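Here the structure is laid out as structure tokens; the discussion comes afterwards.
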2 protein chains.
Amino acid sequence: MRIRDENKEASIREKAMEMIVNEGFDGLSMQKLAKAAGVSPATIYIYYKNREDLLTQLYNEVQEKFAEVALRRFNPELSLEEGLWLQWKNRMKFILEYPVYFQFFEQFRNSPLINHKDIQKNEFRENMKNFVLNAIKRGELAKMEPEIFWAVAYGSFYTVVKFHLQEKTMMGGPFKMTDTKMKQMLQMVLKALKP
Amino acid sequence: MRIRDENKEASIREKAMEMIVNEGFDGLSMQKLAKAAGVSPATIYIYYKNREDLLTQLYNEVQEKFAEVALRRFNPELSLEEGLWLQWKNRMKFILEYPVYFQFFEQFRNSPLINHKDIQKNEFRENMKNFVLNAIKRGELAKMEPEIFWAVAYGSFYTVVKFHLQEKTMMGGPFKMTDTKMKQMLQMVLKALKP
DNA sequence: TTTGTAAGTGAATGAACATTCATTTATATT
DNA sequence: AATATAAATGAATGTTCATTCACTTACAAA
């Protein structure tokens with residue numbers, strides 16, 4: 001039998017995300033995608049059941065890659081400061097390396113597609129929950145709901161990362177993240193979180 | 001001449017946002033919208049030049065309404081605590097009153113449409129910048145870039161608001177915002193921001 | 001009461017859409 | 001070398017799309 005061309009699948013995946021990032025979900029048509037990826041429209045249907053399946057599979061793949069990078073060298077026994085810093089660095093690294101993945105990811109997360117039955121649940125969940133609980137037990141973290149922890153610890157982080165990826169922020173000029181600024185912000189966030 | 005039916009315009013606006021929130025930008029077609037709004041497809045083109053114009057006008061209208069509510073009773077001379085608390089309360093009120101507007105807004109902000117030439121620049125910008133500068137001058141706020149202030153002060157807030165609007169958060173169960181939790185979070189954020 | 005005009009319409013148009021299908025191609029196995 | 005099989009294709013299908021147009025309707029001004 002004929003062997004699958006890995007390049008074709010990768011090309012479809014990459015071009016699909018590029019199209020969505022540049023033109024939105026309504027800018028993605030199967031025929032345009034086929035042309036951009038250099039394959040026949042029918043080829044896409046070898047890899048994906050239909051358009052919906054393409055979108056949800058793309059999201060699940062990105063989510064898996066992202067989780068893998070975010071959890072690198074992480075374990076929930078780490079101190080609050082060490083663990084949070086590691087997560088920020090891991091996430092930042094991924095986002096800077098694959099900005100298109102991240103922008104696709106964010107667009108998807110804010111769309112109704114996120115409620116699709118085929119979307120996998122986040123695998124950090126357990127890890128993150130344990131990390132929070134351990135830090136509270138150790139007295140490094142004030143007692144709070146995990147969602148409030150998440151909002152303060154990561155909501156602020158993602159907001160600043162999105163500024164970094166824009167050419168002009170809502171405040172006027174451009175904004176570039178640096179290691180120093182990231183450390184400054186970590187200290188601020190830690191002050192908020194400590195008991 | 002015949003007078004414009006305000007109800008028609010409002011109906012088109014509301015149904016368009018509902019459709020986008022429920023089915024995404026690719027779920028909005030002019031014919032489906034016309035049917036849902038109870039008008040002829042051609043009527044939509046009396047109010048909006050084309051589909052693109054409909055989307056950008058919707059966003060601009062929501063942004064204006066949101067800015068109006070957010071700035072209610074606000075002035076940039078307010079103390080950090082008072083000003084931030086007022087802004088959170090104002091924004092929360094708007095979001096709870098018009099969740100569909102907010103979800104449309106967030107979906108739009110995370111899509112490439114946000115770079116469209118007809119999208120108006122935020123009018124809080126000046127107000128917000130002055131508020132930050134005043135608070136720094138008064139010594140209530142550590143010296144920092146406005147984007148970092150924004151991320152810590154509002155990024156965390158919006159994250160938690162989005163949790164509130166989801167039925168299940170990434171941490172497993174549902175999460176409901178309350179006045180108490182909002183005050184708890186405000187104190188945390190203030191700790192982070194203070195010099 | 002007549003008239004001018006913008007609001008509002010349903011049906012039509014051609015383009016673009018997602019998906020399928022009959023056929024060809026490449027390769028691993030025999 | 002022959003065969004089996006999944007990969008890959010281009011053209012075709014029927015549907016839905018955004019937009020337009022010839023027409024009707026409602027109302028303010030005359």
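Hydrogens, waters and symmetry mates play no part in the numbers below; they use all other heavy atoms, side chains included. Because the structure is a prediction, the values reported are computed rather than measured. Per chain, numbering begins at 1; letters A, B, ... match sequence-line order.
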Using whole Å, what does the distance between atom P of nucleotide dC27(D) and atom CZ of R4(B) come to?
15 Å
D5(B) side chain: which of dT19(C), dT20(D), dG8(C) is closest?
dG8(C)
For Y47(B) and R51(A), take the nucleotide of DNA chain C holding the closest heavy atom to each; which residue's nucleotide lies nearer the 5' end?
Y47(B)
Is K181(B) salt-bridged to E145(A), going by a charged N under 4.0 Å from an acidic O?
yes
Taking atom P of dT20(C) as reference, at what distance in whole Å does atom CG of D53(A) sit?
12 Å
Would you call K194(B) and E140(B) a salt bridge, taking side-chain N to carboxylate O under 4.0 Å as the test?
no
Which part of the nucleic acid, if any, lies within contact of L54(B), taking any heavy atom under 4.0 Å across all strands shown: a base, the sugar-phosphate backbone alone, or nothing?
nothing
Go through dT9(C), dT19(C), dT9(D) for me and flag the one nearest to the P41(A) side chain.
dT19(C)
In whole angstroms, the gap separating P of dC17(C) from CE of M19(A) amounts to 8 Å
Confirm from the modelled atom types if S40(B) and dG8(C) form a donor-acceptor pair under 3.5 Å, side chain to base only.
no
Here the distance between atom C1' of dA8(D) and atom CD of E6(A), to the nearest Å, is 15 Å
With rounding to the nearest 0.5 angstrom, report the NZ to CD1 distance, K162(A) to I95(A).
9.5 Å
Closest to side chain of Y45(B), choosing from dA8(D), dT19(D), dT9(C):
dT19(D)
Can a donor-acceptor pair under 3.5 Å be found between the side-chain atoms of R2(B) and the base atoms of dT25(D)?
yes
dT9(C) OP1/OP2 closer than 4.0 Å to side-chain N/O of T43(B):
yes
Counting side-chain heavy atoms from CB outward, which of dA28(D), dT9(C), dA7(D) is closest to V39(B)?
dT9(C)
What's the CD1-C1' distance between I44(A) and dA18(C), to the nearest Å?
10 Å
Does a side-chain N-to-carboxylate-O contact under 4.0 Å join E68(B) and R72(B)?
yes
Kindly say whether, by distance alone, the side chain of Q31(A) makes a donor-acceptor pair under 3.5 Å with the base of dA16(C)?
no
In this structure, how many angstroms lie between the C1' atom of dT19(D) and the CD atom of E52(B), rounded?
14 Å
Could you tell me the separation between the CD atom of E9(B) and the C1' atom of dA6(C), rounded to a whole number of Å?
15 Å
Under 4.0 angstrom, heavy atoms only, what part of the nucleic acid is I3(B) near: base, sugar-phosphate, or nothing?
sugar-phosphate
Is the positively charged end of R109(B) above the ring of F102(B), judged by distance under 6.0 angstrom from the centroid and angle within 45° of the axis?
no
Specify the separation, in whole Å, of atom OH of Y48(B) and atom P of dA18(D).
15 Å
